[in-house]
2 protein chains.
Amino acid sequence: MPAERPRPTMQDVADKVGVSKALVSLVIRNAPGASAETRKRVLDAAEEIGYRVNRTAALMTAKRSHLIGVMAKISSGFHAEIVEDLVAAADRAGYEIVLGAVTPTHDEARVVETLRDFRCEGLLLIGPELPAREIEAVAATMPTVVIGRRITEPNLDVVRSADGRGIASAVDHLVGLGHRDIAHVDGGTGTISADRRTGFLRAMRRHGMSDSARVVSGDFTEAAGMRAVSELLDAGLPTAIMCANDYSAIGAMDRLRRAGFSVPEHVSITGYDNSLLARLGSIDLTSVSQQPQEQADRAIEAVVERLDGGRTEPRSTVLAPALVVRGSTAGPRR
Amino acid sequence: MPAERPRPTMQDVADKVGVSKALVSLVIRNAPGASAETRKRVLDAAEEIGYRVNRTAALMTAKRSHLIGVMAKISSGFHAEIVEDLVAAADRAGYEIVLGAVTPTHDEARVVETLRDFRCEGLLLIGPELPAREIEAVAATMPTVVIGRRITEPNLDVVRSADGRGIASAVDHLVGLGHRDIAHVDGGTGTISADRRTGFLRAMRRHGMSDSARVVSGDFTEAAGMRAVSELLDAGLPTAIMCANDYSAIGAMDRLRRAGFSVPEHVSITGYDNSLLARLGSIDLTSVSQQPQEQADRAIEAVVERLDGGRTEPRSTVLAPALVVRGSTAGPRR
DNA sequence: TTGTATGCGTTATCAT
DNA sequence: ATGATAACGCATACAA
């Protein structure tokens, strides 16, 4: 027995003021068609009896909900960061965010269903791992934007940052410092990892260093970074190691230091994501920012264009990542 | 013009099967009063035409929504962790979580309003910074549980971990290792910080070490940890430093190392929260876990007791924190 | 077991 | 500018 005291309704306000509820509706929604006089009286009465519009009821009849569903894995710092920027951007565009959290007990499919049940008009999927055809099936139903994953399907908008270019800028940075022997610790199978890996190989080729370009397999974890360095210790250490993300970079740094090498004096290290970790003074990791705020702005822009502007052709927005140089990189020892 | 293709309704299913929508309603809700025969036919038809109950409409008439609102600051790793556990626990109890994210652009008051608008039956506030009377005002309206903050108001349930005891267990650990000169870097004003500070002082007194108990002021940031160590370097380094949270502990560690001291050889360091950071191999920080999963379970238990069990007296649940010993603490140098 | 009727709080259409 | 009224999709008491 949830002690639910009956909320005042629009009718209550109307009765109090002595007008029709239709008029109250106009005033509450800030729609034109009510005199300033009445408007004030209605607002005052509403305030007084503590009236708040019943969103559930409003959604029943309203054409629009102005709700945007966002699927994210909040345990990921990067996702959480983007979500923050999304609510701000949505706010500016006159929309509200409904957040669907992906957790071990709530998989992506279920989150999407829930979001849809809440009558969201558009869907923003952050780093979805759902099969492309399932995403496409959703996108056929409602405006959908995929954030941070390369995927081309009709009906689908994509906002992401160019992972290949991000890695390339890091390679350029290291080469500029004089490095010639660079290894990459990748993130395993998966689109993102693949993009970063090929970005690395391509950039190395561009610098005429294909021969020294080594790739060690990993999986985006700290442990993977440590394992990779163990391998490299056996095979012969490069002068710089570029990791597929910050976590593995931190693992790599740690393993190196435990082996008696110092960063960046003996080996330079780069990460990816420009996470909170990378920014820590005690870690101070050169990393690549995916520009979460930019991505958030573009994603909101994309849905809103479809929702308010009537756009129907898909659009892909690829942002340039930004290298953030910190203390984990320096010129190689001679 | 959001291309909203009309969703199939209960009537559509009813028409297809050739029954009334009331009957369909029974079947969908899994309520008794329909033959197994019809049940199957209805379910099949629903499946076929892709029918999903319109939650908005259902909420209009249903007594219950089985929705629990959670206010959290997802940029906080600790909050994010608890949220994950909450959705799992809610799931087991037959409820669904509506997540309200507190961000720089959406303050706590606004989030609470939104959650209420979504017709949540209960509210879970994680680490609220709202004034106690505002929280009480909400709690007067609907079952409310405050997580992680000490506060006593009528109508209010509280689930938290005993910060004082957590710090005390860390003190005991250090004293057991032989430390006699211990400093505490606090987290500024605020309930949580105060609890940890007094917990420290009390534990030190218990060990007869009030004289050597020093408190340096901080603010839960990495920078605060660094500043605090700078102060201590001038005043004379203790053999152990207990920080109010992991962030400031990391700042402290870093500052010490830059000054040429090593952890834990010269100085032992402890943090608080047992965050992802503390668990990193390269940081390996002795810390105190607030047991997020336990807290989540208890919080759900509390609302559900009020919602389903009809409990009305407030209840406060104080959990025992768990010390997690890692590599940042060791016996003092002689 | 099944169907009918009514209400939920709001928005939207059409009068006035 | 204002009001009456019909949806909206579903749950529920009640009738059959």
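In the text below, chain A, chain B and the rest are named by the order of the sequence lines, each starting its count at 1.
For A:Lys21, taking side-chain heavy atoms from C-beta onward, the closest of the listed nucleotides D:dT5, C:dT4, C:dT1 is D:dT5. The side chain of B:Val53 sits closest to D:dA11 out of D:dA11, D:dT12, C:dT10. Comparing D:dG3, C:dG9, D:dA11 by their closest approach to the side chain of B:Ala62 singles out D:dA11. Nearest to the side chain of B:Ala58, among C:dT2, D:dA11, C:dT10, sits D:dA11. Side-chain proximity of A:Asn54 to D:dA11, D:dA4, C:dG9: nearest is C:dG9. In this structure, of D:dA11, D:dG9, D:dG3, it is D:dA11 that holds the atom nearest to the side chain of B:Met10.
OP1 or OP2 of D:dC10 has not a single side-chain nitrogen or oxygen of B:Thr56 nearer than 4.0 Å. Contact check, B:Ser35 against C:dT2: a side-chain N or O comes under 4.0 Å of OP1 or OP2.
Put simply, the side chain of B:Leu123 does not reach to within 4.5 Å of the side chain of B:Val303, judged on heavy atoms. Considering only heavy atoms from C-beta on, B:Asp308 comes within 4.5 Å of B:Arg64 through its side chain. B:Val159 places a side-chain heavy atom less than 4.5 Å from the side chain of B:Val145.
As rounded to whole Å, 18 Å separates atom C1' of D:dC8 from atom CZ of B:Arg55. Rounded to whole Å, atom P of C:dT4 lies 14 Å from atom CG of B:Leu26.
In terms of position along DNA chain C, the nucleotide closest to B:Arg39 lies nearer the 5' end than the nucleotide closest to the other residue of the pair A:Arg52 and B:Arg39. Between A:Arg29 and B:Met60, the residue anchored nearer the 5' end of DNA chain C, judged by the nucleotide with its closest heavy atom, is B:Met60.
In the model, A:Ser25 has a side-chain atom that pairs as donor or acceptor with a side-chain atom of A:Arg29 under 3.5 Å.
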